Amino acid sequence: MTHPNDQSRMDRIVSLAKRRGFIFQSSEIYGGLNGFWDYGPLGVALKRNLKDAWWHDMVGGHDELATLPGAPTAYEMTGLDCTIIMHPQVWKCSGHFDLFHDWMIDCRESKRRYRYDHLQGRWAAHRGKRVFVTTEASGDEAGPDTVARAQKFFGLRAKQVDEIEWTGDLEPLPAAITAGVAAADVLGPDAAAPGTLTEPREFNLMFETRIGALAGDADDRAFLRPETAQGIFVNFKNVLDTSRVRVPFGIAQVGKSFRNEITPRNFTFRSREFEQMEIEFFCRPADSADWYRYWRDRRWRWYLDLGLTEGRLRLREHAADELSHYSVGTADIEYAFPFLAPGEFGELEGIAHRGDFDLRSHMEGKLVRRDGALVLETGADGKPRHKGSGKDLSYFDDITRERFVPHVIEPSAGADRGTLAFLCDAYHEDEVPDEDGKPRSRTVMKLHPRLAPVKAAILPLVKKDGMPEMAIDLYRRLKRHMACQYDEKGSVGRRYARQDEAGTPWCLTIDGQTLADRTVTLRDRDTLAQERVPVDEVVTLLRDRLASP
RNA sequence: GCGGGUGUAGCUCAAUGGUAGAGCAAUAGCCUUCCAAGCUAAAGACGAGGGUUCGAUUCCCUUCACCCGCUCCA
């Protein structure tokens, strides 16, 4: 019935998202903006419900007095909301500034892209033809590679290689260009003809901005955060000093982040402005592996409990060579989005064991891994490449009298990706008998009641005989407890269909019998089953159903 | 960033170098006693900019967006 990994199915989901007001393209009346999306009336409710569920389940409703299943011990959870723009040094020490900031150069012929500063080259000449041969190779391979490339370029046999006249040593391409080498003479690393390289362009995956109304010199430069996590690390000591929390504990944050994705694509999956739900969980180094497994399994369970189809979810442990330079272990929770090829999955959340990398970075400065250990990165002058805060971010356990830098487990979830996954997963097309008993196709969003934008619709069966009045009375009472809608327009079947598309789990219909015995019909979105319930028990009944899993 | 494709109403689609048409949805009203019935009314579009032309939604150029494939993705 459903077609996983099916583009036309994705098209219908996107179409419904637009038609019913879940998701719009940003700035659409001006032609749209690549990589930016807006949430409409239903979409904002869905996304807010997802974030609220996350916050409730991880933070607000967390029982710090109990040892939860799978957890090594009891733990505390608290929250934070930090600014999007932070001190520029935050990003220099975290590593984002260096790693997100590159000059890239494209080859129009080979369609390949290179790090500008990784290319080097030298002049070669043969029988009056002259070309600046470049290579991506480094070290001992660079020289021979340029020879091989020049040989091929001049169309020479191996024994003629000595006829090539070389001028100067290999030098970095940026330096050569600066020294006057014309781009038209440069032979790209994979090109057959010279002059195919584009101008170098600066790829900055962080959004840059300037602080102050009189933006002037480079010192004003600041960045929109590419992740919310750093704000937590930077506030680690503040939270510790003011909230009585003790290790192990977690700090949660929900907020917007920004990345200049090179290729935004696949609806909201890769947006340039997006929202994250992140936890930084601080624990004793000796227990960190256990906590990593706890959070990985806990977060996996969360998606299942909210109704994502298990067969479309995947928990993927990263291989050792895939791990970031600081990470001890990482797992991704991935979903088989319909826009992906069969067998492919897209990341919803990453759970990373980050060791003490982050807190140490903000103490000492930017770290690099050398011989298996994290050490301060230094420049040619021997000074730190990016100086840390110098503040002591270690933790003192006054029961065990131990001082240590906590290790960090980071469950980092994408709110927009999660919303998209639940949207895709909820989309169903099935058949419902119409009033003549003939099957008629319907589109229904089978969203978990906790996530559904509207929990219940209150519908008078017909617009007369006092039914609207009774319905409105119920609507007003229920509205105080949950999002609901009143609708008296058109036939009741049409109204059911409208609510199905919005994902409303329950419809309450007031009919002639209601006037006699004060019972209403409760219609279930997924099963279409109807039951009669006393109108005065509706509020309690639905609140209970909403609270139960 | 490169190559290919696509842009007409909220959605799905027509037609046309000379006033852009339909179905569905949505709106107002009538009718309607359980799964998109019917009737009436009104409303709604050629992605943007430029060029050719007496006249461009149509032809040309540019641009923006979306889709597919590469590329990239700490």
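Residue numbers begin at 1 in each chain, while the letters A, B, ... track the order of the sequences. Being a predicted model, the structure only gives us computed values, none of them experimental.
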Just the rounded figure in Å: distance from [atom2] of [N] to [atom1] of [X].
X: A/Glu488; N: B/rU27; atom1: CD; atom2: C1'; answer: 14 Å
X: A/Asp11; N: B/rC67; atom1: CG; atom2: C1'; answer: 8 Å
X: A/Asp487; N: B/rU27; atom1: CG; atom2: C1'; answer: 13 Å
X: A/Asp511; N: B/rC34; atom1: CG; atom2: P; answer: 9 Å
X: A/Leu508; N: B/rC35; atom1: CG; atom2: P; answer: 17 Å
X: A/Glu344; N: B/rC68; atom1: CD; atom2: P; answer: 11 Å
X: A/Asp465; N: B/rU33; atom1: CG; atom2: P; answer: 9 Å
X: A/Ile13; N: B/rC67; atom1: CD1; atom2: P; answer: 14 Å

Among the candidates [options], find the nucleotide nearest to the side-chain atoms of [X].
X: A/Asn34; options: B/rA36, B/rC11, B/rC66; value: B/rC66
X: A/Val462; options: B/rC34, B/rC11, B/rU32; value: B/rU32
X: A/Lys464; options: B/rU33, B/rC34, B/rU12; value: B/rU33
X: A/Gln25; options: B/rA65, B/rC35, B/rA26; value: B/rA65
X: A/Tyr496; options: B/rA36, B/rC35, B/rU33; value: B/rC35
X: A/Leu461; options: B/rG10, B/rG29, B/rC34; value: B/rC34
X: A/Asn266; options: B/rC68, B/rC34, B/rA36; value: B/rC68
X: A/Arg265; options: B/rC11, B/rC35, B/rG1; value: B/rG1
X: A/Arg494; options: B/rA26, B/rC34, B/rU12; value: B/rA26
X: A/Arg19; options: B/rG10, B/rU12, B/rA37; value: B/rG10

Expressed in whole Å, how much space separates the [atom1] atoms belonging to [N] and [M]?
N: B/rC60; M: B/rA56; atom1: C1'; result: 11 Å
N: B/rG17; M: B/rC2; atom1: C1'; result: 35 Å
N: B/rG18; M: B/rU58; atom1: P; result: 11 Å
N: B/rA26; M: B/rG10; atom1: C1'; result: 7 Å
N: B/rG69; M: B/rA41; atom1: P; result: 49 Å
N: B/rG47; M: B/rG7; atom1: C1'; result: 6 Å
N: B/rU6; M: B/rC13; atom1: P; result: 14 Å
N: B/rA20; M: B/rA48; atom1: P; result: 15 Å

message: Can you confirm if the NZ or CZ of A/Arg296 lies within 45° of the ring axis of A/Tyr292 and under 6.0 Å from the centre of its six-membered ring?
response: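 Yes - A/Arg296 lies over the ring of A/Tyr292, closer than 6.0 Å to its centre and within 45° of its axis.
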- request: Check whether NZ of the Lys or CZ of the Arg A/Arg316 lies under 6.0 Å from the centre of the six-membered ring of A/Phe345 and within 45 degrees of that ring's axis.
  value: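 Pair A/Arg316/A/Phe345 does not count as cation-pi.
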message: Which is more 5' along RNA chain B, the nucleotide nearest A/Gln513 or the one nearest A/Thr443? Just name the residue.
response: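 Residue closer to the 5' terminus by nearest nucleotide: A/Gln513.
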- line: The answer to which of A/Ile29 and A/Arg498 contacts RNA chain B further toward the 5' end, by nearest nucleotide, is A/Arg498
field: Positions of residues 519-532 of chain A (non-hydrogen atom under 4.0 Å from RNA chain B), listed by number
entry: A/Thr521, A/Arg523, A/Leu528, A/Gln530
- request: Look at A/Thr509 and B/rC34 and indicate whether a side-chain polar atom (N or O) is within less than 4.0 Å of OP1 or OP2.
  value: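 So the side-chain polar atoms of A/Thr509 never come under 4.0 Å of the phosphate oxygens OP1 or OP2 of B/rC34.
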Should the pair [X]-[Y] be classified as a salt bridge under the 4.0 Å nitrogen-to-oxygen rule?
X: A/Arg494; Y: A/Asp487; value: no
X: A/Arg354; Y: A/Glu278; value: no
X: A/Asp430; Y: A/Arg442; value: yes
X: A/Asp536; Y: A/Arg477; value: yes
X: A/Arg149; Y: A/Asp145; value: no

query: Between A/Phe282 and A/Phe236, how do the two ring planes meet: parallel, tilted or perpendicular, split at 30° and 60°?
result: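 If you compare the ring of A/Phe282 with that of A/Phe236, the planes turn out tilted.
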A/Tyr475 and A/Tyr486 aromatic ring geometry - parallel, tilted or perpendicular at 30°/60° bounds: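 Answer is tilted, since the angle falls between 30° and 60°.
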Would you indicate what [X] reaches in the nucleic acid, counting non-hydrogen atoms under 4.0 angstrom: base, sugar-phosphate, or nothing?
X: A/Asp500; result: nothing
X: A/Glu501; result: base
X: A/Phe24; result: nothing
X: A/Lys463; result: base
X: A/Arg20; result: nothing
X: A/Arg495; result: nothing

field: Chi angles and distances behind the side-chain hydrogen bond (donor to acceptor under 3.5 Å, both in side chains) call for A/Thr514, A/Asp511
entry: CA-CA 5 Å; A/Thr514 312; A/Asp511 58 14; 3.0 Å; yes
task: Calculate, to the nearest 0.5 Å, the distance between atoms OG and CG belonging to A/Ser271 and A/Asn266 respectively.
output: 10.5 Å
field: Side-chain donor/acceptor of A/Arg9 to backbone N/O of A/Tyr427, under 3.5 Å
entry: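 Looks like yes, one N/O pair under 3.5 Å.
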query: How does RNA chain B read in dot-bracket, base by base from 5' to 3', with Watson-Crick or G-U pairs under 3.5 Å and | used when the partner is on another strand?
result: (((((((..((((....[..))))..((((.......)))).....(((((..]....))))))))))))....
task: Quick one: do A/Asp517 and A/Thr519 satisfy side-chain hydrogen bond (donor to acceptor under 3.5 Å, both in side chains)? Show the steps, please.
output: CA-CA 6 Å; A/Asp517 66 4; A/Thr519 61; 2.8 Å; yes
